[in-house]
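For reference, the structure discussed in these notes is given below.
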Amino acid sequence: MAKHETPLLDQLESGPWPSFVSDLKFQAEKRAKNEEGIEFQMPVDVVEDLLGILELSFKHGRTHWKHGGIVGVFGYGGGVIGRYCDQPKNFPGVEAFHTMRVNQPAGKYYKTDYLKQLCDLWDFRGSGITNMHGSTGDIILLGTTTKQLEEIFWTLTHDMNQDLGGSGSNLRTPSDCLGQSRCEYACYDTNALVYFLTNEYQDELHRPAFPYKFKFKLDGCPNCCVASIARSDMSFIGTWKDDIRIDQDAVNKYVENDPAYPANAGAYKGSKDWGPFDLEKEVLGLCPTKCMKFQNKKLFIDNANCTRCMHCINVMPRALKIGKETGCSILCGAKAPILDGAQMGSLLVPFIEVNPDNDYEAITEVIENIWDWWMEEGKNRERLGELIMRQGFQKLLEVTGIDPMPQHVAYPRTNPYIFWKEDEVPGGWERDVDEYRKHHQR
Amino acid sequence: MSDLLDNKEAAQEAVVEWLNKKAKTKSKFYIKDFYKIFPDDKPRMIKKVVNKMVEDGILEFWSSGSTTMYGLKGGGIQHSSEGEN
């Protein structure tokens, strides 16, 4: 018999999708039985009370959580998010129900024994409820008390070689795609770069110094599986400078509908009858810049006009490959719609080398110039994207020392006025009046 | 770095004095608020001093989860109240 009646939550289980309510009930039952004999450091009925307070919130149409507070581990200004309920008498199990963010490994690769260790720790010192993974990319451990925080941190760092992630006005845990570890489209080693950035900027990750949150996300190619372009203040998207590599024989195999060359690598096979592959309709006709043509059994790509949309490569992966001269593009300023609406990243650096041999110095220089500007000029709780909107993209170029280039232009200018700075004008503001008077009378 | 920020004791004293002066109206502050105490210094250097004060137990963090603020340890509203006495 459940501790609290939850008719509204029960209804959520009736749909076709897996339900978190079912998962929570499963966990509540598991804790009640405690077949493994765990010495729970959180009340045994914490999950029952979580379901109870959620039901109450549905009933009242308002939240019963208070978030924030003075919780954390020694020396760290992030990684723990304080959470308390305002109905502790009715739901004592969730009186304090803090979240811990744990820095996920690059590419989210785990060994099973690590996951078991993590779950054992969380069953012992927390609610046992996790979120793999949160929107930030972190491993989210949901629900523990203030007293347990240091103990958990000690075990994570000493026994599991594991750090907390970022929260608050910090650099948030950098997040990446699988990159070259699994994906042939990856233009750089995202795992290596995310590991480097995480280590290089430990201080920024753990000790709050920013006006607000700041996120790095890394995508190995323009397919943007991590959606870094929409979700991070600084997005690193793999790209290439030279030409798409074409295997003309393989192109013709696709055209001939050779079964060993299924379109989209067979990804949509079987879902419905798509009919025979049609190069014109499915690739050339869908190219956003119309830079491709197929003549006399030969595919031509006008690479100067290619926008690296990846569509042709995705459709014919055995025939087309990314170029050989690879690196990444840096985009800035994406954010969720809290102020001024949602924003995608704006292209700042069309191509930058990703070079581990010099500690990615080209990339860190851009990062640090941006941080210096944002820390100085950003208002409290102002994201980088909002600062760019407020002070202008031109200012961003100025602080990063990057010259304007056509790729920066999103659309034709709408403002007819141009205000030059003195150093942008040959000769500056000073002029030789005598020289002027040679041609113009008083 | 300014002489004030360079001198750990003096810098910490200036921060505490400034926070005490503000204590009647406010108890939690953004990192940028501390820039006013050290107008000639770079944000990164100021952050180092302020974070050291947290480590030394003089200040404490308050975090909403998305934003972090600083205050004197034990000062102002703690999580258990909503502004009531």
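Letters go in sequence order (proteins before strands), and every chain restarts at 1.
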So which residue, B:I31, B:I46, B:N51, B:V50, ends up with the most heavy-atom pairs under 4.5 Å with chain A?
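The option with the most such pairs is B:N51.
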Of all the heavy-atom pairs spanning A:E376 and B:P43, show the shortest one and how long it is.
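What the structure gives for the nearest pair is OE1-CD, 3.8 Å.
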If you look at every heavy atom in A:Y212 and B:T67, which pair is closest and at what distance?
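That would be CE1-OG1, 3.3 Å.
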Would you call A:D372-B:R44 a salt bridge at under 4.0 Å N-O?
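Judged by the 4.0 Å cut-off on N to carboxylate O distance, A:D372 and B:R44 do form a salt bridge.
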Heavy-atom distance under 4.5 Å to chain B: side chain of [X], backbone, both or neither?
X: A:R172; value: side chain
X: A:D203; value: both
X: A:E368; value: both

Could you tell me whether the side chain of [X] and the main chain of [Y] form a donor-acceptor pair under 3.5 Å?
X: B:K47; Y: A:F210; answer: no
X: B:T68; Y: A:S169; answer: yes
X: B:Y70; Y: A:P208; answer: yes

At a heavy-atom separation under 4.5 Å, does B:F34 approach chain A through its side chain, its backbone, both, or neither?
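Looking at B:F34, nothing touches chain A.
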Would you call A:M375 and B:Y35 a side-chain contact if the rule is heavy atoms closer than 4.5 Å?
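Touching, per the 4.5 Å side-chain cut-off.
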